[in-house]
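Reviewing the structure listed below.
Residue numbering restarts at 1 for every chain, and letters A, B, ... go by the order of the sequence lines. Scope of the values below: all heavy atoms of this structure, side chains included, with no hydrogens, waters or symmetry mates.
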There are 2 protein chains.
Amino acid sequence: MGEERAELLKGTLDMLILKITVLGPIHGYGIAQRIQQISRDFFQLQQGSLYPALHRLEDRGWLKAEWKVTETGREGKFYSLTRIGRKQLQSEIENWERLTGAVALILQTAE
Amino acid sequence: MGEERAELLKGTLDMLILKITVLGPIHGYGIAQRIQQISRDFFQLQQGSLYPALHRLEDRGWLKAEWKVTETGREGKFYSLTRIGRKQLQSEIENWERLTGAVALILQTAE
DNA sequence: AGAGTATAGGTAGACATGCGAGGTATATTA
DNA sequence: TAATATACCTCGCATGTCTACCTATACTCT
């Protein structure tokens, strides 16, 4: 049994997904794989987190979806970043950086 | 209207509170002030977040509470870190660092 | 032919947590 | 005496992730 649990911080998933789609249209399953690979298996994105998140991002107009055939010959829903999705991503990254900076200030206080 | 919103990431509040209590016993209201000061006003901790979190941390045995009189002459509930609270804090900090590291890997991917 | 695995999509319900809005009370200051 | 800061609290909501479950297709192995 793995004693490691890779729960992600609530609020970061959208940013990660949007960031992955910057690289070009990609289907949901592929997004999960990419996130896992790039994070060196730290994040193991569950499908119950992934798909609701994708629908949420699509509803908000940050991603648009299109059915295509994958390299493996199956149907896949390919997501690509919209213009406002790109702005949203930039905004989320800025917020993330300010936020981790503020957390760092607190964690750096000497004992 | 302020366009700045200082919502914190869900999951970080416990860590921040525990970290503040490392410096010595402190009451809830003071914790909120410290967090705000140290983060240079970035975090403005709401009381509806603060007090439930303190009760949660006490229930889990990470903090213990004691009523005392504050410097201003009022009754205050002073929280101090327990032994397992200190271990919990270390564990949360490690997790935070691994997590932000993994996020950084994804954000660093070139466009 | 059949079983198992990887790929690809999805939903429903539980759960945790932070927030907004409201409340109480005391001490200090104007 | 009114306002403000200090100090505590609770309730209900919104959000978001997870677990568990479901469907279907393509490929590989037996």
Side-chain angles (χ1 to χ4, degrees), chain A residues 1-2 4-18 25-37 43-60 62-63 65-79 92 95 99 102-103, chain B residues 1-2 4-18 25-37 42-60 62-63 65-79 92 95 99 103:
Chain A
M1 308 253 210
E4 298 281 348
R5 318 195 111 228
E7 287 217 359
L8 30 91
L9 280 173
K10 309 201 172 180
T12 57
L13 181 55
D14 290 2
M15 178 177 69
L16 298 182
I17 291 176
L18 292 176
I26 181 170
H27 58 275
Y29 195 83
I31 292 174
Q33 288 182 315
R34 286 275 183 116
I35 287 180
Q36 184 167 344
Q37 285 163 6
F43 294 129
Q44 281 161 20
L45 186 46
Q46 304 304 309
Q47 297 191 328
S49 311
L50 171 67
Y51 293 111
L54 287 172
H55 300 157
R56 187 166 66 228
L57 295 173
E58 193 182 359
D59 287 346
R60 292 178 183 168
W62 299 336
L63 292 181
E66 195 182 356
W67 286 93
K68 285 187 199 164
V69 176
T70 68
E71 326 80 55
T72 63
R74 281 189 202 74
E75 291 289 311
K77 211 165 161 185
F78 283 73
Y79 290 91
E92 291 199 15
N95 191 52
L99 216 143
V103 169
Chain B
M1 305 257 213
E4 298 281 349
R5 317 195 111 229
E7 290 218 357
L8 31 91
L9 281 174
K10 308 201 173 180
T12 57
L13 181 54
D14 290 4
M15 178 176 70
L16 297 181
I17 290 177
L18 292 176
I26 181 170
H27 58 276
Y29 196 84
I31 291 174
Q33 287 182 316
R34 286 275 183 115
I35 288 179
Q36 183 166 346
Q37 286 164 6
F42 185 75
F43 293 129
Q44 281 161 21
L45 185 47
Q46 302 305 309
Q47 297 192 330
S49 311
L50 170 68
Y51 292 110
L54 287 172
H55 300 156
R56 186 165 67 226
L57 296 173
E58 192 183 359
D59 287 345
R60 292 178 184 168
W62 299 337
L63 292 180
E66 195 182 357
W67 286 93
K68 286 187 199 165
V69 177
T70 69
E71 327 78 57
T72 62
R74 280 188 203 74
E75 290 291 311
K77 209 164 161 186
F78 283 73
Y79 290 91
E92 291 199 15
N95 190 53
L99 214 143
V103 169

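- Here B:Thr72 does not reach the OP1 or OP2 of C:dT28: none of its side-chain N or O atoms lies under 4.0 Å away.
- Distance check: B:Ile35 CD1 to B:Leu50 CG gives 7.5 Å after rounding to the nearest 0.5 Å.
- In this structure, A:Gly28 and B:Gly11 both approach DNA chain C, and ranking their closest nucleotides by distance from the 5' end singles out A:Gly28.
- A close approach under 4.0 Å does occur between a side-chain nitrogen or oxygen of B:Thr70 and OP1 or OP2 of D:dA7.
- For the segment residues 51-60 of chain A, residues with any heavy atom less than 4.0 angstrom from an atom of DNA chain D are, sorted by number, A:Arg56, A:Arg60.
- Atom CZ in B:Phe78 sits 9.5 Å away from atom CD in B:Glu66 (nearest 0.5 Å).
- Distance, B:Leu45 CG to D:dC8 P: 12 Å, rounded to whole Å.
- Residues meeting the salt bridge (charged side-chain N to carboxylate O under 4.0 Å, His left out) test with B:Arg74, sequence neighbours left out: none.
- Atoms CZ (A:Phe78) and C1' (C:dT7) sit 12 Å apart, rounded to a whole Å.
- Base contact: A:Gly48 has a heavy atom under 4.0 Å from a base atom.
- Although no hydrogens or angles enter the test, the distance criterion places no donor-acceptor pair under 3.5 Å between the side chain of A:Gln36 and the main chain of A:Gln44.
- Between the P atom of C:dG9 and the CD atom of A:Glu75 lies a distance of 10 Å, rounded to the nearest Å.
- One atom, CD of B:Glu71, and another, C1' of D:dA7, lie 11 Å apart when rounded to the nearest Å.
- For A:Asp14, counting side-chain heavy atoms from C-beta on, the closest listed nucleotide (D:dT17, C:dT17, C:dG9) is D:dT17.
- Distance CD1 (B:Ile26) to C1' (D:dA7): 13 Å, rounded to an integer number of Å.
- The side chain of B:Arg74 lies closest to C:dT26, out of C:dT7, C:dT26, C:dG18.
- Rounded to an integer number of Å, the gap from NE2 of A:His27 to P of C:dA6 is 16 Å.
- Comparing B:Ser49 and B:Gln33 by the nucleotide of DNA chain D that holds the closest heavy atom to each, the one mapping nearer the 5' end is B:Gln33.
- Within the nucleic acid shown, B:Gly30 has no heavy atom closer than 4.0 Å to any nucleic acid atom.
- In this structure, B:Lys77 reaches the D:dC9 phosphate: one of its side-chain N or O atoms is under 4.0 Å from OP1 or OP2.
- The closest side-chain heavy-atom distance from B:Val69 to B:Glu75 is below 4.5 Å.
- The nearest whole Å value for the distance from the CH2 atom in B:Trp67 to the P atom in D:dT6 is 17 Å.
- Comparing A:Gly73 and A:Leu8 against DNA chain D, the residue whose closest nucleotide sits nearer the 5' end is A:Leu8.
- Whole-Å rounding puts the A:Leu9 CG to D:dC18 C1' distance at 14 Å.
- Between the CD1 atom of B:Ile26 and the CG atom of B:Leu63 there is a distance of 11.0 Å, given to the nearest 0.5 Å.
- Side-chain N/O atoms of B:Gln47 and base N/O atoms of D:dC8 include a donor-acceptor pair closer than 3.5 Å.
- Ring orientation note: the planes of B:His27 and B:Tyr29 are close to parallel, at an angle under 30° on the 30°/60° scale.
- At the heavy-atom level, B:Gln44 lies nowhere under 4.0 Å from the strands shown.
- No side-chain heavy atom of A:Ile17 sits under 4.5 Å from any side-chain heavy atom of A:Tyr79.
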